[in-house]
Every structure is written in C-alpha cells, then in structure tokens.
Chemist: 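Quick one: the structure is below, and I'll ask about it shortly.
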Amino acid sequence: MEDLLSARLQMAISLGFHIIFACIGMAMPFLMAVAEYKWIKTGKVVYRDLAKAWSKGVAIFFATGAVSGTLLSFELGLLWPTFMEHAGPIFGMPFSWEGTAFFVEAIALGLFLYGWDKLNKWVHWSSGLVVGLSGVASGIFVLAANAWMNSPAGFDWVNGQAINIDPVAAMFNDAWFSQALHMTIAAFVATGFAVAGLHALLLLKHRNSDFHRKAMKIALAIGAVAALLQPLSGDYSAKDVADRQPAKLAAMESHFETKKGAGLVIGGIPDVENREVNYGIEVPGLLSFLAHGSFDAEVTGLEEFPEEEWPPVLITHIAFQVMVGCGMLMALVGLMYLLFEWKWKHLITRRWFLWLVGIMAPLGFIAVEAGWTVTEVGRQPWIIYGIMKTEDALTSMPGLQYPFYLFTGLYLFLSIVLVWLMARQISTLEETYESVSYKR
Amino acid sequence: MLLDIIIFFLAFSLVLYCLFGGADFGGGILELFVGKHNWQLVDKAISPVWEANHVWLVLIVVILFMGFPSIYSIVSQYLHVPILILLVGIILHGTAFTYRHYDAKKDASLKVYNWVFRLSSVLATFFLGVIVGAAILGRITQQPETFYEGFMAPWINLFSFSVGLFTLFLFSFLAAVYSMGEARGKREKQALSRIAKWLTVATVASGAVVFLIGEMSDLYLLSRFIYSPFAIGSVLISAIILPFLWRSLTENRAWRSRLLAGSEMVLVLVAWFEVQHPVVVAIANAPDLTFQNSAAPESTLMQLVIALVVGSLIILPLLFYLMRVFKKEQIPNA
Ligand code: HDD
Ligand code: HEM
Ligand code: HEM
C-alpha cells in the first residue's frame, strides 16, 4: 500500500479508536455523579451499586483511553513530522493546557475509584464531578487544536515558514467554538444512548430489575436532552463550515454547481465524474437556508475549486448523511422518552420501547465516527487548510504499511478484549445485583 | 529565562516519569523474578498513583513539540521504529495492568495478563533506554542514503542497547525498593530487599558498561564527565548514599529506602543531563540539536511557560492530597 494512504488510515483508525474512550471519559463521570447524588439524597442502595458498577467499567475504558491518547501524541510526530514541526509552536498551546486537564482528571479519578471508603461522601462525589469536568475541558482543548487545522489563525505564512506566531489567536480560531460545542454534546448523546441501550437490553432479560431500570432512565434522560440539542448545534456548525470551508460543505452536500436557492440533497450517491447525484431526494431551497439562513442565498459549489483540491466527495457525502440520519433518529427517540416520562410513564418499560432503545445503542458512536470522517476527510487534500497539503507533511520513513498493520492488529485485539471484558463484567453484575431485591 | 523555566519543567517531568513510571514498569520486570504469587504486591504498590504516571510522558512530548519542534520532528522521524516498539510496550503494559485489576472474574485469564504485563514492561523499558541512547549517540543522519542508514543504524548498536539494559536494571531496582513497603510478611520483605541489593549492583555495573561502550563508540562521555563538576558531584553523592541505602535495605526500612533510591535515580538523571548538555539530539551530518537552537519563537515559549506554571499551581496541591489520602497508612512504619 502507498505510504500516504497507510499513514492516513493509521491516523484515522487511531483517532477513531481514541474518540470512543474520549466520549466515555467526558460523559460517563456525569452519569455516575447523578447516580451517586441520588444515593446520597435518597439513601437507596441501588443507586450506590449502580455508580460502583459503572465505575468498574469506566476504569477499564479510562485506561484504554489513556494509552491510546499517549500513542496519539507520539503518532502525530511519527507520521507527520513536517506538519508538527511547523504546527507545534502554533497549535501547541491548547495541548499544553490539556496536560493540566489530564492531570486533574487522573488525580480525581484516582480519588474516585479508590476512595469509596476513604473519603467523605460529598468529597467523593465532587471528585467524580471533577473527573467529568476535566474530561470535557481536555476534549475542548484538543478540539481547539483540530479546529485550527480547519481554520488556521495566529500566524503569517511566508515562504513556507510561519512567522509572527500568536498562540492565543491560534487557539481561539474561527472553528473552535462550533466544533467544541458540537463534540461535547456528541459525547453525551453517544454515551447516553449506548449505556441506555445496554441496560434496556438487560431489562428485557430481567424484567423486574430495579437496577437496570434506574440505570436506563439516568442514561436516557441525559442522552435525550443532548440528542435534542445536537441538531441545533449541528446546524450552527454547518453554517460555520459554509463560511470557512466552502469546499467541505459542498462535498458534504455533493453540491457541484454554485447556485442561488440551492436544494438540499438527502441520501443519494454522488457521481463525481458527471458532477451529479443519483437516487437522492432534493428539497428545494433548503441548502441555501441551512447554510446561509435564507432560501435564495448563493451556495458555493465544488466547481469553484480546482479538481485536485476537492475532498473525496463520496466519502464525505455519505458520512454526513449517516451522521445526520443517526442524529435525527436519536432525537426522535429522545423526544419520545421525554414525553413518556412526562405523561405516559408505563410505556417506558414496554418491550417494544426497550427494543427500540436497545437498537439505538450504537447509533451515537456511529454518528461520532461519521462526523469525524466529515471533518477530517472533508479537509483533504489539506492538513492545514489552505496552507499545507497532507502529502507534504508525511514522514520520510518508507514502508508505512507495516506500522499501519501493526496498529490495526493491536486495536482490533484490544477491541475484542474490551468487548469480552465488558461481557464478563455484566455477567458478574447479574450474579450480584439480580439476586438482591431492593426495597422501593 | 523562558527557556530555562521550560527546560526545568522538562527535566522535572522526566524525573517524575522515571520515579513513578519507572517503578510502574519496573514492577512488571520485577514480577519476572519475584514469582507469580506475589503479583498483588506490585499491583498494590502502584495502583492509586498509576493513573497519573503516564501523564508525565505526555507532558514531555507536548513540551517537546510545542517548545522544541525540530527535536520532536527529527527524533520521531529517524527513531520511528524504536518509538513504535516503545508504544506497543506502553499499550500492552497499561491495558494488561488495568484489565487484570478490574477484570470481574479472576480465572485463567490472569495468567495471560500477567505475562503480557511482564513482557511489555521489559519491552517498553528497554526501548525507552534505547531511544535515549540513540538520541545522544550521534548516528542519526539527515537525508540518509539507505533505509538501514536512516532508520535502523541510529539505534541498532551496542551503545543504545547498553543504555536499554541500564534502564532495565534501574527501573526494576526502583520497583523492588518501592514494593518493600507494601510487602506484608517478613519473608517477602527479605526476599525483596535481597533482590533490591542485587539490582543495585547490576545498575552500577551496567552504568559503567554504558560509559565503556560509549568510549568504544567514539562517544567520549568519560572526558565530558571529567570536566563537569556537577556530574562528578552527583556521582559522588550517589556513591556516598549507596552504603546507607544498603543498610536501610538490610533493616527493611521501607520509607527510608524509597527516599534514598529515589535520590539515586534523580542523581543519575542529573549526571546524565550534565554530561550530555547542551546537546539534546546529536546528528551525524548536521549541527547537533540543542535546546537553544531548536527553541520555538518567544511568543510560543511565553504561552508554554504560563500553561506550565499555572498548571502546576493547580496540580501540585491535588497530587499532594492524592498521595496523602492513599499513602497515609504506610508512613508510620518508615
Ligand atoms: C452523536 C453524534 C453526532 C450527531 C447526532 C450529530 N453530529 Fe455532527 N458531528 C459530530 C457528531 C454528531 C462529531 C463527531 O462530533 C463532529 C466531528 C467534528 C466535530 O466537531 O464534531 C461532527 C461534525 C459535524 C459537522 C462538521 C463540522 C466541521 O467540520 O467543523 C457538521 C456540519 C455537523 N456535524 C452537522 C450536524 C448536523 C446538521 C446534525 C443533525 C442532526 C449532526 N451534526 C448530528
Ligand atoms: C478523535 C477524533 C478524530 C477522528 C475520529 C479523526 C479522524 C481522522 C480521519 C478519518 C483522518 C483521515 C483523513 C484522510 O486522510 O482522508 C484523520 C487525519 C488526521 N487527523 Fe484527525 N480525527 C480526529 C481528531 C483529530 C484531532 C483532535 C487532531 C489534531 C489535533 C487530528 C489530526 C489529524 C491529522 C494530523 C491527520 C492526518 C492528516 C490528514 O489526513 O489531514 N485529528 N483524522
Ligand atoms: C477530538 C478529539 C479528541 C478528544 C475529544 C479527546 C478527548 C480526550 C478525553 C476526554 C480524554 C480523557 C478520557 C479518558 O482518559 O478516557 C483523553 C485522553 C487522552 N487524549 Fe484525547 N482527545 C482527542 C484527540 C486526541 C489527540 C489528537 C491526542 C494526541 C495528540 C490526544 C491525547 C490524549 C492523551 C495523551 C490522553 C490520556 C490522558 C489521560 O491519561 O487522562 N487526544 N482525550
């Protein structure tokens, strides 16, 4: 395999792996905090058991997130040394703050995991909250770095060198806010739905389990609220992309010709050679509205850019459709849940609804992976948008397919082990908690 | 000034990574010797603080790519292969450690975790040393003619391997001393103290070997050493400490031994830093990289310093609190 392709795939797989743990690391502490809070307030042991059971799983995910993140910090250099040599001094600032966030997170996690019997209840609860807050902070910091790649700022590029570097301006670039907001919400959607789905499936098996019912409700409530906010934040992101990276937006929407009153293509398979989309449904004027806020605004098409600067249209388009599709489904189920919670509580534990929630379990993470594909593939062929091409950033080391195989194998192996570990975790959970009948 | 503060933080992170991360890796290596029934011991010694350990490594990497981008880019380009192996070691070590700790069932899988944990500890430690050795040896060649010259020769050599071996002994020495305080029975304590003594000898001997092979590889560490009062001083102090450490080990004094062993580690690092200074990465066909000639622009260094200083003001009290909560019970038997 070609070196550039191997490197890109290796980067994609490593980041795609890491982001799962990052999402869990950001959202799960808050789920546990809700459970622990309810335990402290109501004294019902089931909530404490729930928080503890979750924390055992979380410890495993945290460690995996930490090693995969450590790997990434080396990988950026192993694969893209030229990029890092120029970008490091400019976008390093959020990473240097991220270091602090990691530390706080790791320390608070130590207190949380090992301190159940050693700390005062509220101190323990706060340490859990701090884990979550610093997780979100570290996510936002890395996102500022990624946003800088999409929307470079804080330097002048003269003869292939960066001068007048201003790291603060680089960090608070045009894209950071929309990306940070969207990603943070995404972590809650993905984790909330995954956890709720898991407990819904377990509820189907153990119909009377108070444990799983309470678990599902906490997770689903958080996931539902986030899922309803996400389309709003996504719309804001899309408007932002339309302004700063019109080629990415055009690729997302398979929008080839610059047009006023452009229609939104839903689904469909772009045919890049003939510059058209087959089998899609077009809603007139909607793209103009979504991108620029008015039904007859002009939307830049791919034709404005030389073809060698087009991102891969097919991948970007499909990934975008997948993300939005998953997002809409989850928003719908989230809305249903909130309605049931408000008016028709008895429906929440009906078989069909549990099945529905169970099926939704992977959708949030699918949306996250698809969304990142949109962002990263949609930036191609640039590694720093408009400044440096990905191919020019590649390391001079040949034979990059071997590291790629190695890492792919390793991640595959770890994923299998993780699934197996979780299955074991759940099966002992069943032994411990199913037999206990909690007093209501 | 800015540069000095950053170098201080870099050195500080390196010291702490070697102290804590080193004990963590060393624990795995030690298990190879201590035998399979005692793994809980090593596990107990490191679990509450380990979550913070590798963050030191990440901090080192971040300081390098933000503050000294050409060091980061040259090292990761030409030492790609050993770094890759180090990373494999780090992944397997970290995951095996946590998985065996948190696996809901304790059955035959324990055996697999144990072996993965031990072997990956050896792998990671050895290659950490190899990378450090290769960076200073000076066989890194820019625009190499062949793959071997560019990406293998810089680290496949006796010198780098000897530094790897030295690191292995050093880290397992640390772990042996640290674990003594956690050992419950007298027999266990004595076994560990015996191992710690052996490892002290092995560390000193392999350190001498590093110097020797350096001379043979045209890396005249010895002559640089002789002209560096700091380095000589550090080695002298560490030699003076040795008998005390030995006695403290014989008397099974856990905390005193830990402190002394930790000081030995710090002194080794100081001496090494002094000998190598100002070169950070030696290059065969271009000027060597120093902190001075590879530093990022001033505006970046300023932000880095702010992040580091403010960050430590936040972190240090928390770290102290963590240690206090978890290590409190052990201090009395010092
Ligand atoms: C649970 C996950 C999830 C869900 C339901 C959605 N997204 Fe998303 N989206 C992400 C998870 C995500 C992400 C993985 O988190 C991305 C990748 C980069 C980023 O900042 O967020 C992303 C990126 C992303 C981008 C590109 C931003 C950029 O390149 O800067 C746009 C335009 C949208 N999204 C729009 C939407 C819309 C209109 C949605 C309507 C439902 C939507 N997203 C749902
Ligand atoms: C964790 C979420 C992320 C995911 C899933 C992700 C996904 C991807 C994918 C799919 C690619 C390959 C694109 C292609 O070559 O076609 C890629 C490339 C890359 N990403 Fe990301 N990305 C993420 C976040 C980040 C962040 C936060 C950074 C940096 C701060 C980053 C830096 C890079 C770099 C340097 C490349 C290689 C150059 C390139 O292809 O443009 N990514 N990523
Ligand atoms: C947008 C993409 C990313 C997000 C949202 C993100 C977020 C997070 C979060 C929340 C954690 C802590 C959770 C846990 O430990 O499980 C974490 C861990 C980590 N991440 Fe990422 N990350 C991203 C990409 C990256 C990249 C590109 C790097 C490397 C340059 C990186 C380096 C790390 C490291 C070193 C850790 C371990 C820190 C620790 O021990 O807690 N991350 N990340």
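Chain identifiers are assigned alphabetically (A, B, ...) following the order of the sequence lines, protein sequences preceding nucleic acid strands; residue numbering begins at 1 within each chain.
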Chemist: With respect to chain A, which residue among B:Ser294, B:Gly311, B:Gly67 yields the maximal number of heavy-atom pairs within a distance under 4.5 Å?
Modeler: B:Gly311
Chemist: Relative to chain A, which of B:Leu79, B:Leu57, B:Leu86 shows the most heavy atom pairs under 4.5 Å?
Modeler: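 Option with the top pair count is B:Leu57.
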Chemist: Less than 4.5 Å to any heavy atom of chain B: does that hold for the side chain of A:Val123, its backbone, both, or neither?
Modeler: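 Contact with chain B involves the side chain of A:Val123 alone.
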Chemist: With a 4.5 angstrom heavy-atom cut-off, which part of B:Leu87 approaches chain A: side chain, backbone, both or neither?
Modeler: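 Both the backbone and the side chain of B:Leu87 come within 4.5 Å of chain A.
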Chemist: Flag the one option from A:Pro89, A:Pro81, A:Gly77, A:Gly92 with the top tally of heavy-atom pairs under 4.5 Å to chain B.
Modeler: A:Pro89
Chemist: Which one wins on heavy-atom pair count under 4.5 Å against chain A: B:Leu59, B:Ile91, B:Val62?
Modeler: B:Ile91
Chemist: Side chains of B:Gln303 and A:Ser96: donor-acceptor distance under 3.5 Å anywhere?
Modeler: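 No donor-acceptor contact under 3.5 Å links the two side chains.
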Chemist: Are the side chains of B:Leu14 and B:Ile60 in contact, using a 4.5 Å heavy-atom criterion?
Modeler: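 Yes, at least one pair of side-chain atoms sits under 4.5 Å.
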Chemist: Against chain B, label A:Val417 side chain, backbone, both or neither, depending on which of its atoms sit under 4.5 Å from a heavy atom there.
Modeler: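 Only the side chain of A:Val417 comes within 4.5 Å of chain B.
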Chemist: Once the angle between the rings of A:Trp157 and A:Phe155 is folded into 0 to 90°, is it parallel (under 30°), tilted (30 to 60°) or perpendicular (over 60°)?
Modeler: perpendicular
Chemist: How many angstroms lie between CG in A:Leu406 and CD in A:Gln10, if you round to the nearest 0.5 Å?
Modeler: 8.0 Å
Chemist: Just say parallel, tilted or perpendicular for the rings of A:Trp420 and B:Tyr113, cut-offs at 30° and 60°.
Modeler: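 Rings of A:Trp420 and B:Tyr113: tilted, 30 to 60°.
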Chemist: Nearest 0.5 Å, what's the CG-CZ distance between B:Leu92 and B:Arg118?
Modeler: 15.0 Å
Chemist: Between B:Ala307, B:Ala296, B:Ser70, B:Ser312, which residue shows the highest count of heavy-atom pairs closer than 4.5 Å to chain A?
Modeler: B:Ala307
Chemist: I'd like to verify something: which residue of A:Asp166, A:Thr100, A:Val168 has the highest number of heavy-atom pairs under 4.5 Å with chain B?
Modeler: A:Thr100
Chemist: Given a strict heavy-atom distance threshold of 4.5 Å, which part of A:Leu410 is in contact with chain B: side chain, backbone, both, or neither?
Modeler: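 Just the side chain, heavy atoms under 4.5 Å.
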Chemist: If we only count heavy atoms from C-beta on, is the B:Trp56 to B:Val15 side-chain gap below 4.5 Å?
Modeler: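 With C-beta onward as the side chain, the pair stays apart.
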Chemist: Using a cut-off of under 4.5 Å for heavy-atom pairs, which of B:Ile306, B:Ile90, B:Ile83, B:Leu304 has the most such pairs with chain A?
Modeler: B:Ile83
Chemist: Tell me, out of A:Met93, A:His86, A:Met397, A:Met422, who's got the most heavy-atom pairs with chain B below 4.5 Å.
Modeler: A:Met397
Chemist: Do B:His93 and B:Phe25 have side-chain heavy atoms sitting under 4.5 Å apart?
Modeler: yes
Chemist: Say whether A:Glu75 and A:Ser14, considering side chains only, have a donor N or O and an acceptor N or O under 3.5 Å apart.
Modeler: yes
Chemist: Assess the side chains of A:Ser134 and A:Glu105: does a donor N or O sit below 3.5 Å from an acceptor N or O?
Modeler: no
Chemist: B:Ile314 versus chain A, heavy atoms under 4.5 Å apart: side chain, backbone, both or neither?
Modeler: side chain
Chemist: Between A:Phe407 and chain B, with a heavy-atom cut-off of 4.5 Å, which part of the residue counts as in contact: side chain, backbone, both or neither?
Modeler: side chain
Chemist: Below 4.5 Å from any heavy atom of chain A, which atoms of B:Leu318 appear? Answer side chain, backbone, both or neither.
Modeler: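 Backbone plus side chain of B:Leu318, per the 4.5 Å heavy-atom cut-off to chain A.
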Chemist: Can you tell which part of A:Leu400 gets under 4.5 Å to a heavy atom of chain B, answering side chain, backbone, both or neither?
Modeler: side chain
